[in-house]
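Report on the structure given below.
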Amino acid sequence: MTTGRGEYPMASTRRSASAAAARQRGTAPPVDLLTHREMEVAAGLVRGLTNKQIGQELGISHRTVEIHRARLMRKLGAATLAGLLGIVLPQRDRIDALIAEQASARA
């Protein structure tokens, strides 16, 4: 049974719980929790792109970028863009590696 968003009801709860556990340990939540598209959006944000620019680059609307951005913020437990960047910037090499790995797996 899905929630209508393609996720199982408990999946987002588990992701939020692991992000909260990582914060309690004083470590950044793992970016492995993110979907491929969320990682692409995060990479665009790290590069300083706007939602509109990210959308143009990925071939999606800026509203879709906003949705992906909100989901990745929720999964990583960030309340602000600054908080999100504080979590994502130290892990940007891992994000780039995961994006490349997933892209090569799809090809």
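Because the structure is a prediction, the values reported are computed rather than measured.
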Item to check | Ile95 to Met39 - nearest heavy-atom pair and separation | outcome: CG2-O, 3.7 Å
Next on the checklist: Ile54 and side-chain contact (heavy atoms from CB on, under 4.5 Å): which single residue from Leu45, Ile60, Thr64 fits?
Outcome noted: Leu45
Next on the checklist: Between Leu34 and Arg71, does the side chain to side chain contact (heavy atoms under 4.5 Å, CB included) criterion hold? Intermediate values first, please.
Outcome noted: CA-CA 9 Å; Leu34 305 177; Arg71 287 182 183 163; over 6 Å; no
Next on the checklist: In this structure, would Ile67 and Val41 fall into the same cluster of hydrophobic residues linked by side-chain contacts under 4.5 Å?
Outcome noted: no
Checklist entry - Given Glu66 and Arg69, is the salt bridge (charged side-chain N to carboxylate O under 4.0 Å, His left out) satisfied, shown in steps? => result CA-CA 5 Å; Glu66 290 173 9; Arg69 180 173 156 176; over 6 Å; no
Checklist entry - What salt bridge (Lys or Arg N to Asp or Glu O under 4.0 Å) pairs are there with at least one residue in residues 36-57, not counting sequence neighbours? => result Arg37-Glu40, Glu38-Lys75, Arg47-Glu57
Checklist entry - Are any side-chain N or O atoms of Gln53 and backbone N or O atoms of Thr50, one a donor and one an acceptor, separated by less than 3.5 Å? => result yes
Only distances under 3.5 Å count here; give the side-chain donor-acceptor pairs of residues 96-107 to other protein atoms, sequence neighbours excluded, each with its distance to 0.1 Å.
residue, atom, partner, partner atom, Å
Gln102, OE1, His36, ND1, 2.5
Ser104, OG, Ala100, O, 3.3
Ser104, OG, Glu101, O, 2.9

Next on the checklist: To check you understand the geometry: which heavy-atom pair defines the closest contact between Gly83 and Ala78, and what is its length?
Outcome noted: C-CB, 3.9 Å
Checklist entry - What pairs of residues pass the salt bridge (Lys or Arg N to Asp or Glu O under 4.0 Å) test when at least one of them lies in residues 84-95, not counting sequence neighbours? => result Asp32-Arg94
Item to check | Shortest non-hydrogen contact between Ala42 and Val88, atoms and distance | outcome: CB-CG1, 4.1 Å
Item to check | Partners passing side chain to side chain donor-acceptor pair (under 3.5 Å) against Gln56 (at least two apart in sequence or in another chain) | outcome: none
